[in-house]
**Q** 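This is the structure, below, for whatever I ask next.
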There are 2 protein chains.
Amino acid sequence: MQFNIENSLGFLVNRTNKKMKNEFLQNLKPYDVTPEQWALLNRLWEEEGISSKELAELTCKDQPNIARILDKLEKKELIFRRPNPSDNRSFLLYLTDRGRELEEKLIPLALSTLEKALEGIEKEQVEELKLLLNRIYANLE
Amino acid sequence: MQFNIENSLGFLVNRTNKKMKNEFLQNLKPYDVTPEQWALLNRLWEEEGISSKELAELTCKDQPNIARILDKLEKKELIFRRPNPSDNRSFLLYLTDRGRELEEKLIPLALSTLEKALEGIEKEQVEELKLLLNRIYANLE
DNA sequence: TGAATATAATTGCCGGGACAATAACATGTA
DNA sequence: TACATGTTATTGTCCCGGCAATTATATTCA
């Protein structure tokens with residue numbers, strides 16, 4: 001029985017994911033935000049006033065993790081929770097001014113990180129790559 | 001400024017990685033081994049008697065993590081540490097009989113998990129995918 | 001040789017992911 | 001209405017990843 005892990009897809013996806021995340025983390029450091037915190041902020045830059053549950057679905061994270069990441073963002077005063085008038089179990093999420101202002105800095109940062117990662121790779125190949133990643137994801141759903 | 005995170009490579013790589021890892025985790029559960037523990041065992045199935053440092057390099061993990069994963073494998077009596085005769089700071093890693101016996105079960109499990117993930121994807125496309133992941137990794141080195 | 005420097009392994013700390021359990025509230029139905 | 005059931009958010013527990021600091025041993029070099 002053979003299993004060449006060096007060349008195994010699981011190993012390569014994991015390794016590349018760690019590298020990309022870490023590269024982004026380093027770039028984000030001056031702003032005291034992590035890639036996961038960035039991902040939540042990114043959704044709120046698109047639309048405020050959503051619930052923790054909606055955020056979990058949008059970001060493909062589970063609710064306990066969302067709750068804890070939100071705690072951190074709230075401590076940093078980048079977001080705040082407000083009671084949900086139509087459901088007393090729930091609350092809605094809003095950006096503070098500081099949280100809103102970060103968009104202008106952090107989106108270009110994400111784009112330039114991605115640009116570095118994709119240097120020298122053709123646009124069609126990147127699209128092909130995304131298709132394959134989505135296909136794998138769908139195969140395991 | 002626009003940033004469609006749904007379609008962002010970082011998001012897709014991260015999402016697919018989590019899904020693959022979790023699928024494998026579920027399959028490994030009956031054996032009480034995690035994907036990361038599996039990765040270390042896999043290296044030892046190839047070659048015993050290596051050091052923690054060598055293992056870290058081979059698996060692209062950092063040494064503190066390796067030490068902790070090894071602690072777990074040792075508690076489960078799948079591996080053991082033996083002093084390194086040529087360097088008293090170091091030790092060498094060996095499989096127990098139980099650790100060695102797992103290979104026969106767990107390699108087919110890894111292969112079938114991968115097979116499910118790659119269902120319906122052409123062999124050349126998988127190779128292309130690996131090339132691109134390696135290229136991205138190299139771009140960030 | 002002896003002191004400075006480098007290296008191997010570990011520990012502590014923090015961030016995040018998976019999962020089980022819980023508390024509080026909503027909803028559906030007898 | 002009253003009770004069973006479902007849902008939202010949270011907390012606890014464990015696993016892994018990154019990084020700084022520490023301990024013990026090796027190596028280098030004045």
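Proteins get letters first, then strands, A, B, ... in listed order; numbering begins at 1 in each. Since the model is a prediction, treat every value here as computed from it, not as a measurement.
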**Q** Considering every strand and a 4.0 Å limit on heavy-atom distances, what is the contact class for A:Glu36: base, sugar-phosphate, or nothing?
**A** sugar-phosphate
**Q** Between C:dG17, C:dA8, D:dA9, which nucleotide gets closest to the side-chain atoms of A:Lys61?
**A** C:dG17
**Q** Look at all strands and tell whether A:Asn65 reaches a base, only sugar-phosphate, or nothing, counting heavy atoms closer than 4.0 Å.
**A** base
**Q** Heavy atom of residues 67-85 of chain A under 4.0 Å from DNA chain D: which residues?
**A** A:Ala67, A:Arg68, A:Arg81
**Q** To the nearest Å, how far apart are B:Phe91 CZ and C:dT10 C1'?
**A** 9 Å
**Q** Within this structure, what is the CD-to-P distance between B:Glu54 and C:dA9, rounded to whole angstrom?
**A** 9 Å
**Q** Among all residues two or more places apart in sequence or in another chain, which pass the side chain to side chain donor-acceptor pair (under 3.5 Å) test with A:Glu57?
**A** A:Lys53
**Q** Tell me, which pairs form a salt bridge (Lys or Arg N to Asp or Glu O under 4.0 Å) where one or both residues lie in residues 126-141 of chain B, sequence neighbours left out?
**A** A:Lys19-B:Glu141, B:Glu127-B:Lys130
**Q** Where along residues 16-33 of chain A does a heavy atom come under 4.0 Å from DNA chain D, residue by residue in number order?
**A** A:Lys18, A:Asn22, A:Gln26
**Q** Could you go through nucleotides 4-6 of chain D and list every protein N or O atom that sits under 3.5 Å from one of its N or O atoms, giving the distance for each pair?
**A**
residue	atom	partner	partner atom	Å
D:dG6	N2	A:Arg89	NH1	2.9

**Q** Who are the salt bridge (Lys or Arg N to Asp or Glu O under 4.0 Å) partners of A:Lys76, not counting sequence neighbours?
**A** A:Asp32
**Q** Under the salt bridge (Lys or Arg N to Asp or Glu O under 4.0 Å) test, which residues partner B:Asp62, sequence neighbours left out?
**A** none
**Q** Should the pair B:Arg82 and B:Phe91 be classed as cation-pi, given the thresholds of under 6.0 Å to the six-membered ring centre and 45° from the axis?
**A** no
**Q** Going by the rule side-chain contact (heavy atoms from CB on, under 4.5 Å), which residues pair with A:Arg100 if we only count those two or more places apart in sequence or in a different chain?
**A** A:Glu48, A:Leu95, A:Asp97
**Q** On the 0 to 90° scale, with breaks at 30° and 60°, tag the B:Tyr94-B:Phe80 ring pair as parallel, tilted or perpendicular.
**A** parallel
**Q** For B:Arg81, give me all partners under salt bridge (Lys or Arg N to Asp or Glu O under 4.0 Å), at least two apart in sequence or on another chain.
**A** B:Asp71, B:Glu74
**Q** Separation of B:Asp62 atom CG from C:dT10 atom C1', in whole Å?
**A** 12 Å
**Q** Among residues at least two apart in sequence or on other chains, which ones pass salt bridge (Lys or Arg N to Asp or Glu O under 4.0 Å) with A:Lys21?
**A** A:Glu36
**Q** Can you list, by chain and residue number, the hydrophobic cluster partners of B:Leu25 when the side-chain cut-off is 4.5 Å?
**A** none
**Q** Which Ile, Leu, Val, Met, Phe, Trp or Tyr residues join A:Leu131 in one cluster when any pair of side-chain heavy atoms under 4.5 Å counts as a link?
**A** none
